[in-house]
Amino acid sequence: YSINKLYLQAQGRGDYTSMLGSLVYLGMVSAAEGYFRSLLRRLILTDEVCQANASSRMVSYGAAVHHEPDLLPEALLEGISLASAKAVAGELKGLCSVTQMNKESVPHQLQLLFDNFEDICQIRHCGIHRFGKLGSQQAFRLGIGKFRVLLEKPLNLNITHLQDIAEALEALISGVNSYCFSDIIKRTHTASPAGRDRDRFYAESWQMEFEVDRARFEKYYSIFSSSQAAEKSQPIERVYSAFMAFVKDYDTSPNKNKK
């Protein structure tokens, strides 16, 4: 939101330039990448499945010595760019075992959001590596027929372009956030001693009472909830009640699939 204010205030003063637009664009993509890094880090610190997946990854000696414990998962992603759809989906699968998510495909309801993100990242590549000009590789990935006339032309983003980009990134983050929360929180029951999954990744079962479960549930809720987005998250009690409704339905249903 601070990034949005930057270009909107510049427009209000009448000193918006295409250079500022390009810098804001890079900042938007970096902010989205930062969200995914934060999400992965916090899940590794909280969730047993993510911890198990991360345990086989290597970190540098320097990171092990100098990182604070709660930031050590960041070292797992050093040298990895999350500014592409495949990279994000791949890490959500590899580190978090999110279902229907991998480098080759994503859940159908998120496909368009990831496609938009990939297009945004291809243009970002031009801004970083080609002085803002569209190269042939990016044109082919975006669709050479549509973008042939823009080859080697400089990036020139107006306010409407930036608003569209911001909306696309916010939609992706919101969609991924909701999907991952649903997938992972359900798994904490289905793969627990009280669940039916073949692999029991969680040693603890939910006690079905909010005050008893609150401390554990709050760890997951705090990762995915938002108090700053346009649509604020539901109160924790209401989200917990919805989760308990799933648990009761799952436990009484003959269908053993968690979805």
- Query: Between Val176 and Val106, is any pair of side-chain heavy atoms under 4.5 Å apart?
  - Reply: no
- Under 3.5 Å, is there a donor-acceptor pair between the Asp47 and Gln51 side chains? no
- How about Thr17 and Tyr7: do any of their side-chain heavy atoms sit closer than 4.5 Å? no
- More than 12 heavy atoms from other groups under 6.0 Å of CZ on Arg198: no
- Message: Can you confirm whether Lys232 sits close enough to Ser226 that some side-chain heavy atom of one is under 4.5 Å from a side-chain heavy atom of the other?
- Response: no
- Item | Shortest non-hydrogen contact from Arg187 toward Tyr202 | NE-OH, 3.0 Å
- Taking the side chain as every heavy atom from C-beta outward, state whether Cys96 and Val49 have any pair of such atoms under 4.5 Å apart. no
- Message: Let's go through Gln163 and Glu167 carefully: what are the C-alpha distance in whole Å and the side-chain angles of both, what is the deciding distance for side-chain hydrogen bond (donor to acceptor under 3.5 Å, both in side chains) to 0.1 Å, and is it a yes or a no?
- Response: CA-CA 6 Å; Gln163 290 175 329; Glu167 289 177 4; over 6 Å; no
- With side chains defined as the heavy atoms from C-beta onward, is the minimum distance between Ser233 and Val239 less than 4.5 Å? no
- Would you mind reporting whether Leu45 and Lys219 have side-chain heavy atoms less than 4.5 Å apart? no
- Query: Do His161 and Asp164 have side-chain atoms, one donor and one acceptor, less than 3.5 Å apart?
  - Reply: no
- Heavy-atom distance under 4.5 Å between the side chains of Leu162 and Met28, does that happen here? yes
- Look at the rings of Phe217 and Phe181 and say which category their plane angle falls in: under 30° parallel, 30 to 60° tilted, over 60° perpendicular. perpendicular
- Would you call Arg200 and Ser192 a side-chain contact if the rule is heavy atoms closer than 4.5 Å? no
I'd like a table of donor-acceptor pairs (distance under 3.5 Å, sequence neighbours excluded) in which one partner is a side-chain atom from residues 37-44, with atom names and distances.
from, atom 1, to, atom 2, distance (Å)
Arg37, NH1, Leu77, O, 3.2
Arg37, NH2, Glu33, OE2, 3.1
Arg37, NH2, Ile80, O, 2.3
Arg41, NE, Glu74, OE2, 3.4
Arg41, NH1, Asp70, O, 3.2
Arg42, NH2, Ser222, O, 3.1

- Item | Check against side-chain contact (heavy atoms from CB on, under 4.5 Å), Ser225 and Ile236 | CA-CA 9 Å; Ser225 63; Ile236 186 172; over 6 Å; no
- Sequence neighbours excluded, every pair satisfying salt bridge (Lys or Arg N to Asp or Glu O under 4.0 Å) that has a member inside residues 75-96: Arg57-Glu91
- Message: Distance check, rounded to the nearest 0.5 Å: Ser253 atom OG versus Arg196 atom CZ?
- Response: 6.0 Å
- For the residue pair Phe243 and Phe246, categorise the inter-ring angle as parallel (less than 30°), tilted (30 to 60°) or perpendicular (more than 60°). parallel
- Item | From Tyr35 atom OH to Asn177 atom CG, the distance as rounded to the nearest 0.5 Å | 3.5 Å
- Spacing of Ser97 atom OG and Asn102 atom CG [to the nearest 0.5 Å]: 11.5 Å
